[in-house]
Amino acid sequence: MIGERILNYKIESVLGEGGVGKVYLATHAQLGRKVAVKALNPALVNEPRVRERFRNEAATLSSLQHVNIITLYDYFENENGLFLILEYAEGKSLDEYIQRNSGPIPEQKAIFFFNQILDGLAYAHQKGVIHRDIKPSNLIITNDADVKILDFGIAKILKEGRNNLTKTGTQLGTVLYMSPEQVKGQPVDLRTDIYSLGLTLFEMLTGKSPYHDRDYTEFEVYEKILNEPLPAAKFVYPAVSDRMQAVINKATAKNPTDRFQSCEEFRNALNFNTLHTQAGFHTTQSDITLTQTGTNNQVSDKFSRIPEKKRDSFTLLYAVLALVLLVSVWVIYSEISRMSRNNSSLNDSSQEENNRDDNNDQSDEDFFEEDSNENTEDENREKTPEEIELDSLLQDKSKIQGFIDLLEKERRQELLSGLLVDGQFESADLGEYIIRITVANRRTDARFDGIIVLITYSDKSGKELKVVEKELEILDAGKSITFRERQDISADASFDVKLKTADPIDLEVPPTLDSLKSEMETILEKITELKDVMKVDEEEL
């Protein structure tokens, strides 16, 4: 596209490339203003739903006008693709800045940068916009030391088109900064940005991501996000203060309710202006210093300020406690000695009987000796590289399948919660008991098949009179079905309507499930290849 025109902008060079698409540097033909033109991946252009979603989201993003957010100037589409015309901020992405310029960023400098990030996100959250993909590569440190946030809402825009994108090398960077609720495919709010901010702060202060030790698979990262506490930043870079470690811990809590509930709370804790007790902080700077240093001189000084009468009381109390401790130790020692003597006599008396039992058991041992030797030989045989690899693959298969089953179960429950059933009494004229039943699909990301509604009729005493099952047709996203049920039931009867069963058809499979299933396919292919090499039957696996 170099040399081509998009609106009034001439494309000059490529600034970057990723799974989403390419970013070009362009210049306005008349004004000379430089802009960044993001050309989205052609795979996103083909589906009308994605194009419509993109138009709507682009309109929302254009309303974000903040000094710390890259401004969206314009949106353009033609037969070649979808294009965003964006503010051009000359500088480096935060991950590049850390890797090439600074390494771990000193705390005061990190706080300076981070306050700008929080300002931009707080503004967006007030506008009802969640980023969903906060990470160092989406933050620009400009040449003037300003911070600019990139790709607001792009994660949401791309959600419907993700299955068409090339997976290799496009997801893991995002996976590292996903919140637990994102991993589970649950609804997210601004606190998912808070979690990703905590991980970003971790990397700013340590120079490394929390999972830098080795090349983890996506599945391994998912497991750690859900089940393991975040590694301590101080273990990665010892200069990280206890205070900043506490801020990171609060921001990256597994449960969203345990995190900072807003960027304002995060900023207060970061700057120590108003330190929240629920975050585990003290309320003043002097209290924190005292807690962190905690020297013996300070303790002695605090004790010396206690009135003399109270110090005498403390001394008497310590003496009584010491006496009680000595008596307790003597009693315990005496009891242990007595039990030891009893055990010794019992052992002597039972030794002869044990010897007789050993002689009787010897014949049994001889009987099984040959079989035991054969098993030992099998266990001691060194496994071939193929067998070792197969064992590893089978273990991975079992773990990933268990994780997929768990996520699918949770996703199913979440989707079913959006299927609502309601029954309203209409009349009981001419011997007909009529109720109006509505089944509504409140989900925009699922259809439902196999819907069965259960209607139970009861008399005044609560005794069940009749149970009716109604099977409905497929219910599309955002739609509802209303029907009337007529029964020859007494007019003074009552009824209860509820959903018996339904099969959700997921229209937007969460990225976690998507990538795990892809990883499972790769493992199954490798297992098949090894089976062919080793000539292993399916039954043996």
**Q** Got a sec, which residues hit side-chain hydrogen bond (donor to acceptor under 3.5 Å, both in side chains) with Thr142, two or more places apart in sequence or on another chain?
**A**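 side-chain hydrogen bond (donor to acceptor under 3.5 Å, both in side chains) check on Thr142 returns nothing, list empty.
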**Q** Atom CG in Leu499, atom CG in Leu416: separation rounded to 0.5 Å?
**A**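 So the gap between those two atoms works out to 7.0 Å.
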**Q** Under a 4.0 Å threshold between the charged nitrogen and the carboxylate oxygen, would Arg447 count as salt-bridged to Asp449?
**A**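 Arg447 and Asp449: not salt-bridged.
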**Q** What residues form a ring-ring contact (aromatic ring centres under 6.0 Å, His included) with Phe83, not counting sequence neighbours?
**A**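 None.
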**Q** State, with a plain yes or no, whether a side-chain heavy atom of Ile6 is found less than 4.5 Å away from one of Ile11.
**A**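 Heavy-atom side-chain distance check passes, below 4.5 Å.
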**Q** Does the side chain of Arg412 come within less than 4.5 Å of Asp503's, by heavy atoms?
**A**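 In short, these two side chains touch, coming nearer than 4.5 Å.
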**Q** Please enumerate all residues that pass ring-ring contact (aromatic ring centres under 6.0 Å, His included) together with Tyr123, with sequence neighbours excluded.
**A**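 Expected list: His66.
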**Q** Looking only at side-chain N and O atoms, does Gln99 offer a donor or acceptor that is under 3.5 Å from a partner on Asp95?
**A**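 Distance-only check fails for Asp95 and Gln99.
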**Q** Report the C-alpha distance between Val14 and Ile2 in whole Å, list the side-chain angles of each, state the deciding distance to 0.1 Å, and finish with yes or no for side chain to side chain contact (heavy atoms under 4.5 Å, CB included).
**A** CA-CA 8 Å; Val14 177; Ile2 306 300; 4.2 Å; yes
**Q** To the closest 0.5 Å, what do you measure between CG (Leu201) and CD1 (Ile111)?
**A**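 The CG atom of Leu201 sits 8.5 Å away from the CD1 atom of Ile111.
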**Q** Tell me, do Leu25 and Ser13 make a side-chain contact under 4.5 Å, heavy atoms counted?
**A**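 Result yes, sub-4.5 Å side-chain heavy-atom pair found.
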**Q** Can you confirm whether more than 12 heavy atoms, excluding those of Lys470, are under 6.0 Å from its NZ atom?
**A**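 Open.
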**Q** Closest approach of Ile435 and Val497, non-hydrogen atoms and distance?
**A**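 Smallest interatomic distance, heavy atoms only, reads CD1-CG2, 4.2 Å.
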**Q** Among all residues two or more places apart in sequence or in another chain, which pass the ring-ring contact (aromatic ring centres under 6.0 Å, His included) test with Tyr73?
**A**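 ring-ring contact (aromatic ring centres under 6.0 Å, His included) list for Tyr73, sorted by chain: empty.
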**Q** Is it the case that the side chain of Thr192 and the backbone of Val188 share a donor-acceptor pair, with hydrogens and angles ignored and the cut-off at 3.5 Å?
**A**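 Absent.
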**Q** Does Glu410 have any salt bridge (charged side-chain N to carboxylate O under 4.0 Å, His left out) partners at least two apart in sequence or in another chain, and if so, which?
**A**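 Counting only residues at least two positions away or on another chain, Glu410 forms no salt bridge (charged side-chain N to carboxylate O under 4.0 Å, His left out).
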**Q** Of the non-hydrogen atoms in Pro231 and Tyr211, which two are nearest, and what is the gap between them?
**A**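 Scanning both residues completely, I find the closest heavy atoms to be CD-CE2, 4.4 Å.
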**Q** Listed by chain and number, what are the side-chain hydrogen bond (donor to acceptor under 3.5 Å, both in side chains) partners of Ser417, not counting sequence neighbours?
**A**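 In terms of side-chain hydrogen bond (donor to acceptor under 3.5 Å, both in side chains), with neighbours along the sequence ignored, Ser417 is linked to no residue.
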**Q** Does a side chain donor of either Glu77 or Tyr75 reach within less than 3.5 Å of an acceptor in the other side chain?
**A**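 Yes, because at least one side-chain N or O of Glu77 sits under 3.5 Å from a partner of the opposite role on Tyr75.
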**Q** Where the side chain of Asn138 meets the backbone of Ile149, is there a donor-acceptor pair that is under 3.5 Å apart?
**A**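 No, because the side chain of Asn138 does not come within donor-acceptor range (under 3.5 Å) of the backbone of Ile149.
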**Q** Walk me through it: do Lys479 and Glu473 pass the test salt bridge (Lys or Arg N to Asp or Glu O under 4.0 Å)?
**A** CA-CA 12 Å; Lys479 302 296 183 179; Glu473 61 191 29; over 6 Å; no
**Q** Scan for salt bridge (Lys or Arg N to Asp or Glu O under 4.0 Å) pairs involving residues 196-212, sequence neighbours excluded, and state none if there are none.
**A**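 Every candidate salt bridge (Lys or Arg N to Asp or Glu O under 4.0 Å) pair involving residues 196-212 fails, so no pair, neighbours aside, qualifies.
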**Q** For the side chain of Lys135 and the backbone of Thr200, is there at least one donor-acceptor N/O pair under 3.5 Å apart?
**A**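 No, the answer is negative, given that no donor and acceptor are paired below the 3.5 Å cut-off.
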**Q** Where do Thr206 and Val240 come nearest, in terms of heavy atoms and distance?
**A**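 What the structure gives for the nearest pair is CG2-CG2, 4.1 Å.
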**Q** Taking only residues two or more places apart in sequence or in another chain, which ones pass side-chain hydrogen bond (donor to acceptor under 3.5 Å, both in side chains) with Tyr9?
**A**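 With neighbours one apart ignored, the set is Arg33.
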**Q** Taking Gln116 for its side chain and Ala145 for its backbone only, find out whether a donor-acceptor pair lies under 3.5 Å.
**A**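 Such a contact is found between Gln116 side chain and Ala145 backbone.
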**Q** Does Gln413, at its CD atom, have more than 12 non-hydrogen atoms belonging to other residues, nucleotides or ligands within less than 6.0 Å?
**A**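 Result for CD/Gln413: enclosed.
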**Q** Does any N or O in the side chain of Asn441 come within less than 3.5 Å of the main-chain N or O of Leu419, such that one atom is a donor and the other an acceptor?
**A**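 Not at all, since once roles are kept as given, no pair shorter than 3.5 Å links the two residues.
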**Q** Over all heavy atoms of both residues, which pair between Gly198 and Phe266 is shortest? Give the atoms and the distance, please.
**A**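 So the two residues come closest at N-CE1, 4.2 Å.
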**Q** Using the test side-chain hydrogen bond (donor to acceptor under 3.5 Å, both in side chains), find all partners of Ser262 that sit at least two apart in sequence or belong to another chain.
**A**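 Testing Ser262 for side-chain hydrogen bond (donor to acceptor under 3.5 Å, both in side chains), a comparison that skips the adjacent residues, returns Glu264.
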**Q** CG/Leu407 to CG/Leu513 distance, rounded to the nearest 0.5 angstrom?
**A**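 Between Leu407 CG and Leu513 CG, I get 5.0 Å after rounding to 0.5 Å.
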**Q** Could you check whether any side-chain N or O of Gln182 sits under 3.5 Å from a backbone N or O of Arg132, counting only pairs where one atom can act as donor and the other as acceptor?
**A**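 Yes, because the side chain of Gln182 sits within donor-acceptor range (under 3.5 Å) of the backbone of Arg132.
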**Q** Check for a donor-acceptor pair, side chain of Ser398 on one end and backbone N or O of Leu394 on the other, with a separation under 3.5 Å.
**A**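 Absent.
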**Q** If I take atom CG from residue Leu270 and atom CE from residue Met244, how far apart are they, to the nearest 0.5 angstrom?
**A**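 Going from CG on Leu270 over to CE on Met244, the span is 5.0 Å.
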**Q** For Glu87, check salt bridge (charged side-chain N to carboxylate O under 4.0 Å, His left out) against everything at least two apart and list the hits.
**A**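 Counting only residues at least two positions away or on another chain, Glu87 forms a salt bridge (charged side-chain N to carboxylate O under 4.0 Å, His left out) with Lys148.
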**Q** Ignoring hydrogens and angles, tell me if any N or O in the side chain of Lys397 forms a donor-acceptor pair with the backbone of Ser392 under 3.5 Å.
**A**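 Looks like no, no N/O pair under 3.5 Å.
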**Q** Given 3.5 Å as the limit, does a donor-acceptor pair link the side chain of Arg259 with the main chain of Arg191, or not?
**A**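 Between the backbone of Arg191 and the side chain of Arg259 there is a qualifying donor-acceptor contact (under 3.5 Å).
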**Q** What are the two closest heavy atoms between Arg411 and Asp506, and how far apart are they?
**A**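 Taking Arg411 first and Asp506 second, the nearest heavy atoms are NE-OD2, 2.7 Å.
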**Q** Got more than 12 heavy atoms from elsewhere within 6.0 Å of NZ, Lys234?
**A**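 Count over threshold, so yes.
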**Q** Taking only residues two or more places apart in sequence or in another chain, which ones pass salt bridge (charged side-chain N to carboxylate O under 4.0 Å, His left out) with Lys526?
**A**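 Counting only residues at least two positions away or on another chain, Lys526 forms no salt bridge (charged side-chain N to carboxylate O under 4.0 Å, His left out).
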**Q** How long is the gap from CG on Leu139 to CD1 on Ile141, to the nearest 0.5 Å?
**A**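 Separation between the atoms: 7.0 Å.
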**Q** So, Ser137 and Ser93: side-chain donor and acceptor under 3.5 Å apart, yes or no?
**A**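 Side-chain D/A pair, Ser137 to Ser93: absent.
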**Q** At their closest point, which heavy atom of Phe448 faces which heavy atom of Leu415, and how far apart are they?
**A**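 Looking at all heavy atoms of both residues, the shortest contact is CZ-O, 3.2 Å.
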**Q** In Å, rounded to the nearest 0.5 Å, how long is the span from CZ of Arg267 to CZ of Phe114?
**A**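 Taking CZ in Arg267 and CZ in Phe114, the distance rounds to 11.0 Å.
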**Q** Only one of Lys184, Arg443, Gln186 passes side-chain hydrogen bond (donor to acceptor under 3.5 Å, both in side chains) with Glu414; say which it is.
**A**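 With Glu414 as partner, side-chain hydrogen bond (donor to acceptor under 3.5 Å, both in side chains) holds for just one option, Arg443.
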**Q** Just by distance, no angles: are the side chains of Asn271 and Asn115 close enough, under 3.5 Å, to form a donor-acceptor pair?
**A**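 Judged by distance alone, the side chains do pair up.
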**Q** Got a sec, which residues hit salt bridge (charged side-chain N to carboxylate O under 4.0 Å, His left out) with Glu223, two or more places apart in sequence or on another chain?
**A**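 Counting only residues at least two positions away or on another chain, Glu223 forms no salt bridge (charged side-chain N to carboxylate O under 4.0 Å, His left out).
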**Q** In sequence, state the C-alpha distance, the side-chain angles, and the governing distance for Ile523 and Ile400, and then conclude on side chain to side chain contact (heavy atoms under 4.5 Å, CB included).
**A** CA-CA 10 Å; Ile523 288 175; Ile400 293 176; 3.4 Å; yes
**Q** Counting distance only, does the side-chain N/O of Glu508 pair as donor-acceptor with the main-chain N or O of Ala446 below 3.5 Å?
**A**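 Here the side-chain-to-backbone pair does not exist.
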**Q** Please report the C-alpha distance between Leu86 and Val37 in whole Å, then the side-chain angles of each, then the deciding distance to 0.1 Å, and finally whether the side chain to side chain contact (heavy atoms under 4.5 Å, CB included) criterion is met.
**A** CA-CA 6 Å; Leu86 301 160; Val37 177; over 6 Å; no
**Q** Check the pair Leu524 / Glu521 against side chain to side chain contact (heavy atoms under 4.5 Å, CB included), numbers first and verdict last.
**A** CA-CA 5 Å; Leu524 291 175; Glu521 290 175 4; 5.7 Å; no
